[in-house]
Amino acid sequence: MSGATTAAYLARRAAQKERVRILYRRALKDTLNWAVHRHLFYQDASDLREKFEANKHVEDLDTIDKMIVAGEATYNKWRHPDPYIVPWAPGGSKFTRNPVPPSGIEIVYDYGREEND
Amino acid sequence: MALRAAVLRHIRLPVQTLPAAGSRPQSQLSFLRLFSSHDDHLTKEEVIDRVLDVVKSFPKVDPSQVTPDVHFQNDLGLDSLDNVEIVMALEEEFKLEIPDKEADKIDSCNLAIEYIYNHPLAG
């Protein structure tokens, strides 16, 4: 685990950065779910950003991993029970409300005409 | 009937010639009321305008540098967390729900405009 920028080190850092970004995204959405009013959301969002920025300079891979795990645990603890989901997305109210009818089925508009001849 | 024919013979309506082939068909369609349920997809210029407005109203961004092909981190000097915030703002603007993995890849205005334009449910 020397500080050399080997490929494995960089790959691990990149994976950690992606985890951090996804965690920040989910935490921000969760903050919006809890703080519905915009001015409260802005305050909470900047607090969240401060928390992330405070640990920005950490270099040690294991410490970063532990911090990410702790952050995800905090996020799981504070998840909103009824989050706002866009209606057509999975979990929203319009999801699969009007599915496409299966192909091959159609209505024959003959209005009860009878061909008895 | 003869009167009607006589009147019609004397009335001339001005004929509008359509502009040359360089015009975009979509701008003309925006004046027509099409009654299909699939014609409310956003036009590319609308998407570009709204995306640029969102990016310009971001507090850490210099509005004069924003162009449709600007990269958030390289050109505007933003952080990766700022990138996440911009993608969230775009999600709110267009009422989209972008999956986490896709949202992580949106790094520049180009990608954002393409993604939103190709999304069938962009509002």
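In the text below, chain A, chain B and the rest are named by the order of the sequence lines, each starting its count at 1.
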field: Lys/Arg-Asp/Glu bridge criterion (N-O < 4.0 Å) met for A:R19, B:D104
entry: no
query: Which distance, rounded to the nearest 0.5 Å, do you find between the NZ of B:K101 and the CD1 of A:I22?
result: 5.0 Å
query: Around atom NZ of B:K95, are there more than 12 heavy atoms of other residues, nucleotides or ligands at under 6.0 Å?
result: no
statement: Applying a strict 4.5 Å limit to non-hydrogen atoms, the region of A:L28 in contact with chain B is both
message: To the closest 0.5 Å, what do you measure between CG (B:D82) and OH (A:Y24)?
response: 7.5 Å
- prompt: Looking at A:R38 and B:E92, does any basic side-chain N land under 4.0 Å from a carboxylate oxygen?
  reply: yes
query: Which region of B:P99, side chain (C-beta onward) or backbone (N, CA, C, O), has a non-hydrogen atom less than 4.5 Å from a non-hydrogen atom of chain A, or is it both or neither?
result: backbone
query: How close do B:L81 and A:F52 get, heavy atom to heavy atom, and via which atoms?
result: CD1-CB, 3.7 Å
query: Nearest 0.5 Å, what's the CD-OH distance between B:E97 and A:Y84?
result: 8.5 Å
- prompt: Hey, is B:E85 close enough to A:R25 for a salt bridge, meaning N to O under 4.0 Å?
  reply: no
query: Relative to chain B, which segment of A:K29 carries a heavy atom at a distance below 4.5 Å: side chain, backbone, both, or neither?
result: both
task: Work out which heavy atom in B:L96 is nearest to a heavy atom in A:W88; give both atom names and the distance.
output: CA-CZ2, 3.8 Å
field: Residues A:R49 and B:D79 bridged, charged N to O under 4.0 Å
entry: yes
- prompt: Can you tell me how far CD of A:E18 sits from OG of B:S80, rounded to the nearest 0.5 angstrom?
  reply: 11.0 Å
